[in-house]
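We count ligands from 1, going down the list as the structure has it; atoms in each ligand are counted the same way.
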Amino acid sequence: MKSSGILEKYRSLLNLPAHTKTISLGEGETPLIPIPHIAEELGGGFDLYVKYEGLNPTGSFKDGGMVAAVSEALGAGAKTVICASTGNTAASAAAYATRAGMKAIVLIPDGKVARGKLVASVVYGAKVIQIKGSFDDALKLVVEITKKHPIALVNSINPYRLEGQKTAAFEIVDQLGKAPDLLCIPVGNAGNINAYAMGFAQYDGLKKTGVPEFLGVQASGAAPLVIGKIVEKPDTIATAIRIGNPARGKQALEVVRKHGGKIIAVDDKEILAAQRRLALDGIWVEPASAAGLAGLMKEIKEKKLNVKGKKIVIVCTGNGLKDPDIIEMAKPVLIEPTLEMLEKAVL
Ligand SMILES: *Cc1c(COP(=O)(O)O)cnc(C)c1O
């Protein structure tokens, strides 16, 4: 049976205030799925897995962080939470806030929010406000309003978000028996890569389970950590990582400096190809979530990475159902309902 969520399961390892009032939607315990066929295609000789975080209650890893942030805010007496979001944080904040009996306000950027995420925020009862600006503009605004009014900020600059999200690293170690050699992960606002680094390092301190190297992957149209400066108008089909000024960017660079690895960029074509490839192994993820695999494929193709004998985990951050509109498809064939026509169509 699924546990009552990550806060109960890992409570003693989480740095949360005593006033935290634990809620749960059964988040966490997401599968670590071997993808040996893809490993073979990439030359073989290593073990490759997907940590499929898209199977969380609202369909993304944001739930691991949000359950912690909202539980803390609830215990602190907040009545309302607010976040800026490219979509998944909004859906997650909306679900956990309503679960806790609180209100959620979500700020989304102009245009390009995947439909599944927007609809989720609305159906969970959040107040959705679209601003004429980017995610980065939205984040600035929510920081300002929470300084002035008693509204809890639940973006990943809220430290409790990372406390929750780091449990995904605990889960990977529990699933593999030790840390992998390499973790490939999409990077947007750069909260998650930091959360994983915290989680692996904490477990290593307790149980000597190791810390992986990190391959952080940005989209080439939104790659401030690769080009070394803020991107004013970030652009990519991977909307969840369409961020030009990552709040935890400096810390992310520090993660790869300390533990090894690097942050690279892949273009939209490479992201969509990786998404397709994962889907053909039965794992449909949203475009941003395929960036980790796209980055690994690119590094191997360009012979920049020695993978022989290694254990590699790709973090797939969100579910493909979130963003069906990005998939190009032909209309299904339409036939008369007779055996004859069916035989014609399938044989
Ligand atoms: C939020 C998000 C990311 C980026 O995570 P950061 O912590 O902002 O780096 C990647 N993929 C998906 C699906 C997301 O929702």
Among all protein heavy atoms in this structure, tell me which lies nearest to [atom], with the distance rounded to 0.1 Å.
| atom | value |
| --- | --- |
| atom 8 (O) of ligand 1 | N189 N, 2.7 Å |
| atom 5 (O) of ligand 1 | F61 CZ, 3.4 Å |
| atom 12 (C) of ligand 1 | T317 OG1, 3.2 Å |
| atom 7 (O) of ligand 1 | N192 N, 2.8 Å |
| atom 14 (C) of ligand 1 | K62 NZ, 2.9 Å |

Open item on the list: Does ligand 1 come near enough to A288 that some N or O of the ligand is less than 3.5 Å from an N or O of the residue?
Closed with: no
So, are [X] and [Y] salt-bridged, with charged N and O less than 4.0 Å apart?
| X | Y | answer |
| --- | --- | --- |
| R277 | D281 | yes |
| K51 | E171 | yes |
| E144 | K147 | no |

Quick check on contacts: which atoms of ligand 1 are under 4.0 angstrom from a heavy atom of [X]?
| X | value |
| --- | --- |
| G318 | 13 (C) |
| S289 | 13 (C) |
| V187 | 9 (O) |
| G191 | 6 (P), 7 (O), 9 (O) |

TODO: For the pair N189 (side chain) and A247 (backbone), establish whether a donor and an acceptor sit closer than 3.5 Å, ignoring hydrogens and angles.
DONE: yes
- [ ] Check for a donor-acceptor pair, side chain of D323 on one end and backbone N or O of A114 on the other, with a separation under 3.5 Å.
- [x] no
Task: Check: I263 and V217 side chains under 4.5 Å, non-hydrogen atoms - done: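 Sidechains of I263 and V217: no contact.
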TODO: Taking the side chain as every heavy atom from C-beta outward, state whether Y49 and I314 have any pair of such atoms under 4.5 Å apart.
DONE: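 Side chain of Y49 against side chain of I314, heavy atoms only: no contact under 4.5 Å found.
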Open item on the list: Tell me the closest heavy-atom pair linking L215 and L296, and the distance in Å.
Closed with: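 Closest approach of L215 to L296: CD2-N, 3.7 Å.
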Taking non-hydrogen atoms only, is [X] closer than 4.0 angstrom to ligand 1 via side chain, backbone, both or neither?
| X | value |
| --- | --- |
| A190 | backbone |
| E286 | side chain |
| I241 | side chain |

- [ ] Would you please determine whether S156 falls within less than 4.0 Å of ligand 1 on a heavy-atom basis?
- [x] no
Open item on the list: Tell me which one of Y196, F200, Y203 satisfies ring pair (Phe, Tyr, Trp, His ring centres under 6.0 Å) with F170.
Closed with: Y203
